[in-house]
Amino acid sequence: IESGHPFNREPVGNGPMRLASWSGEDRIRLVRLHDRQLFEFLTVKDSTVRVLKLVRGEIDLIQGDVPFELLDWLSKQGSVTVETLSGNIFTYIGFNLQDPALKKQSVRRAIASAIDRDTIITHVLGNAARKAGAMLPPDHWAGHPGLSGYAYDPGLSRRLLADAGYNNDNPLHLTYKTSSNPLRVRLATIIQYQLGEVGIDIDVQSYDWGTFYGDIKSGKFQLYSLSWVGLNLPDIFRYVFHSESVPPAGANRGRYDDPVTDKLIEQAAAYNDTERQAVIYRRLQERLHQQLPYVPLWYEDNILARRKSIRGYTLQTDGNFDGLVETHRHTETMQ
């Protein structure tokens with residue numbers, strides 16, 4: 001029923017919180033119903049400034065987007081506690097499959113094989129991530145335990161590129177789009193270097209979030225990187241990979257069109273039995289692994305940094321904020 005109510009700005013619900021106020025784009029206040037506790041979400045765009053505000057006591061809690069290079073320093077601050085939990089924040093590289101070069105599976109395979117994920121995870125992400133082979137982690141009921149992505153093999157990349165007609169005299173030139181987030185720019189620059197080592201000339205272009213995301217939705221890219229947060233349901237495969245899910249109908253941003261993939265997605269949806277669905281979803285993920293419409297990179301851990309006075313918050317695998325339902329401020333009293 002069309003009521004004309006602006007649900008995107010004035011949500012209506014029956015959960016443990018209600019919206020108290022929404023000031024512009026950088027401040028949201030929620031009230032916990034059972035005790036009237038007020039929670040304020042603030043936008044602080046610079047991740048280092050966020051960390052300093054936490055240490056100074058200007059904010060109480062940060063979840064996600066904590067600079068990996070500051071984790072060790074932050075964990076040594078007496079007023080702060082840092083927690084990590086293996087998560088399902090899925091980071092990947094997307095392809096425009098209508099691009100003359102990237103429509104070739106061998107070229108996509110060359111790109112996937114040129115990325116040294118182990119080095120990036122160890123030296124850039126502080127080991128706060130694990131390699132991914134598919135969108136859903138292997139321990140998900142519909143995940144695939146046998147997939148971990150393509151191994152780092154620069155020799156194979158060079159051979160595949162040569163077979164596709166690319167060499168020193170005719171190098172492959174590609175544009176890689178990312179957001180202006182400092183970590184994402186740093187990762188893009190490292191991937192640019194690794195791809196350059198096998199003869200792929202990458203032009204990294206970073207944009208503010210609105211411009212970047214608009215380009216991705218409209219297909220104005222060759223390569224891009226993004227992360228999916230909070231993946232819990234295998235319905236995501238239809239939304240991202242079905243041929244009928246090209247934006248605005250879905251998130252098939254690379255314009256992937258594969259009848260076998262469509263059929264597997266539809267077969268899985270036809271069953272109510274999760275065991276049968278899991279078998280089909282594993283076949284689907286094997287198909288996607290072979291077809292390479294995207295490069296799975298890693299699952300980033302969820303990171304929580306909080307003032308030690310904040311108690312009762314439980315970190316969740318999918319990065320939600322449900323822990324606020326039980327969170328409270330502990331105040332020591334003199335006896």
Side-chain angles (χ1 to χ4, degrees), residues 63-66 68 84-97 108 111-112 115 117 120-121 124-125 128-145 147-150 176-181 183-185 187-188 191 207 209-210 212-219 221 223-242 244-256 261 264-265 268-269 281-282 284-285 287-289 291-303 315-322:
Q63 180 173 290
D65 203 14
V66 178
F68 293 101
T84 62
L85 179 69
S86 291
N88 58 3
I89 302 171
F90 172 70
T91 300
Y92 67 100
I93 291 177
F95 297 114
N96 187 333
L97 299 173
R108 302 196 299 273
I111 292 170
I115 299 174
R117 294 178 296 160
I120 294 173
I121 289 172
V124 182
L125 302 181
R130 51 186 169 140
K131 290 190 291 189
M135 294 190 75
L136 296 178
D139 51 358
H140 189 282
W141 69 265
H144 196 309
L147 297 179
S148 60
Y150 284 90
Y176 183 119
K177 291 190 175 183
T178 187
S179 74
S180 56
N181 177 289
L183 174 62
R184 302 306 157 184
V185 173
L187 290 169
I191 291 173
Y207 301 90
W209 174 253
F212 167 64
Y213 196 49
D215 281 356
I216 301 310
K217 290 191 293 184
S218 61
F221 63 87
L223 301 176
Y224 73 92
S225 59
L226 268 176
S227 299
W228 283 98
V229 179
L231 294 180
N232 290 316
L233 300 175
D235 297 356
I236 189 67
F237 291 118
R238 173 179 285 276
Y239 185 61
V240 174
F241 296 114
H242 198 283
E244 295 179 355
S245 295
V246 172
N252 184 353
R253 299 157 184 154
R255 278 59 180 173
Y256 178 55
T261 295
L264 288 169
I265 291 171
Y281 281 127
R282 282 193 286 272
L284 169 62
Q285 289 164 93
R287 177 69 177 179
L288 293 171
H289 184 268
Q291 290 279 292
L292 261 178
Y294 68 134
V295 179
L297 294 176
W298 47 73
Y299 308 109
E300 295 178 18
D301 290 352
N302 285 315
I303 300 174
L315 194 57
Q316 303 293 322
T317 300
D318 62 2
N320 68 54
F321 285 90
D322 289 354

Residues Asn88 and Pro137: closest non-hydrogen pair is CB-CG, 4.0 Å
Stepwise, does the side-chain contact (heavy atoms from CB on, under 4.5 Å) test hold for Ile191 with Ile120? CA-CA 9 Å; Ile191 291 173; Ile120 294 173; 4.2 Å; yes
Using the six-membered ring wherever Trp is involved, compare the ring planes of Tyr92 and Trp228 and label them parallel, tilted or perpendicular (cut-offs 30° and 60°). parallel
Has the side chain of Ser245 got a donor or acceptor atom that lies under 3.5 Å from a matching backbone atom of Arg238? yes
Quick check for you: to the nearest 0.5 Å, what is the distance between Asn232 atom CG and Trp141 atom CH2? 11.5 Å
Ile303 versus Ala128, closest heavy-atom pair with distance: CD1-CB, 4.4 Å
Value for CG (Leu226) from OG (Ser179), rounded to nearest 0.5 Å, stands at 7.5 Å
May I have the step-by-step check of side-chain contact (heavy atoms from CB on, under 4.5 Å) for Ile93 and Ile115, ending in yes or no? CA-CA 11 Å; Ile93 291 177; Ile115 299 174; 3.5 Å; yes
For the ring pair Tyr256 and Tyr294, is the centre-to-centre distance below 6.0 Å? no
Test side-chain contact (heavy atoms from CB on, under 4.5 Å) on Val124 and Leu183 and set out the steps. CA-CA 9 Å; Val124 182; Leu183 174 62; 4.3 Å; yes
Once you round to the nearest 0.5 Å, how far does CG of Asn302 lie from OG1 of Thr84? 9.5 Å
Determine whether the aromatic ring centres of His289 and Tyr150 lie less than 6.0 Å apart. yes
For Leu97 versus Pro293, what's the shortest heavy-atom pair and its separation? CD1-CB, 4.0 Å
Could you tell me whether a side-chain N or O of His242 sits under 3.5 Å from a main-chain N or O of Phe237, the two making a donor and an acceptor? no
Apply the test side chain to side chain donor-acceptor pair (under 3.5 Å) to residues Tyr176 and Ser225: give CA-CA distance (whole Å), side-chain angles for both, the deciding distance (0.1 Å), then the verdict. CA-CA 8 Å; Tyr176 183 119; Ser225 59; 3.1 Å; yes
Return the OH to CG distance between Tyr281 and Leu288, rounded to the nearest 0.5 Å. 12.0 Å
Measure the shortest side-chain to side-chain distance between Tyr299 and Ser86 over non-hydrogen atoms and say whether it is less than 4.5 angstrom. no
Arg253 and Phe221 have their tightest heavy-atom pair at O-CZ, 3.3 Å
Hey, could you give me the CD1/OH distance between Ile265 and Tyr239, rounded to the nearest 0.5 Å? 14.0 Å
Does some side-chain heavy atom of Arg184 sit less than 4.5 Å from a side-chain heavy atom of Thr91? yes
Nearest 0.5 Å, please: how far is CZ in Phe90 from CG in Leu231? 8.0 Å
Does the side chain of Leu315 come within less than 4.5 Å of Gln63's, by heavy atoms? yes
Tell me, with the steps shown, if Leu125 and Leu187 meet side-chain contact (heavy atoms from CB on, under 4.5 Å). CA-CA 9 Å; Leu125 302 181; Leu187 290 169; 4.3 Å; yes
For Gln291, is there any backbone N or O sitting under 3.5 Å from a side-chain donor or acceptor partner on Arg108? yes
Over all atoms of both residues, closest heavy-atom pair of Ile236 and Met135: CG1-CE, 3.6 Å
Looking only at atom types and distance, does a side-chain atom of Arg130 sit under 3.5 Å from a main-chain N or O of Gly87, one as donor and one as acceptor? yes
Tightest non-hydrogen contact, residues Leu136 and Gly143, listed as CB-CA, 4.4 Å
Got a donor-acceptor contact below 3.5 angstrom from the Glu244 side chain to the Ala249 backbone? no
Looking at side-chain heavy atoms only, is the closest gap between Phe95 and Leu223 below 4.5 Å? yes
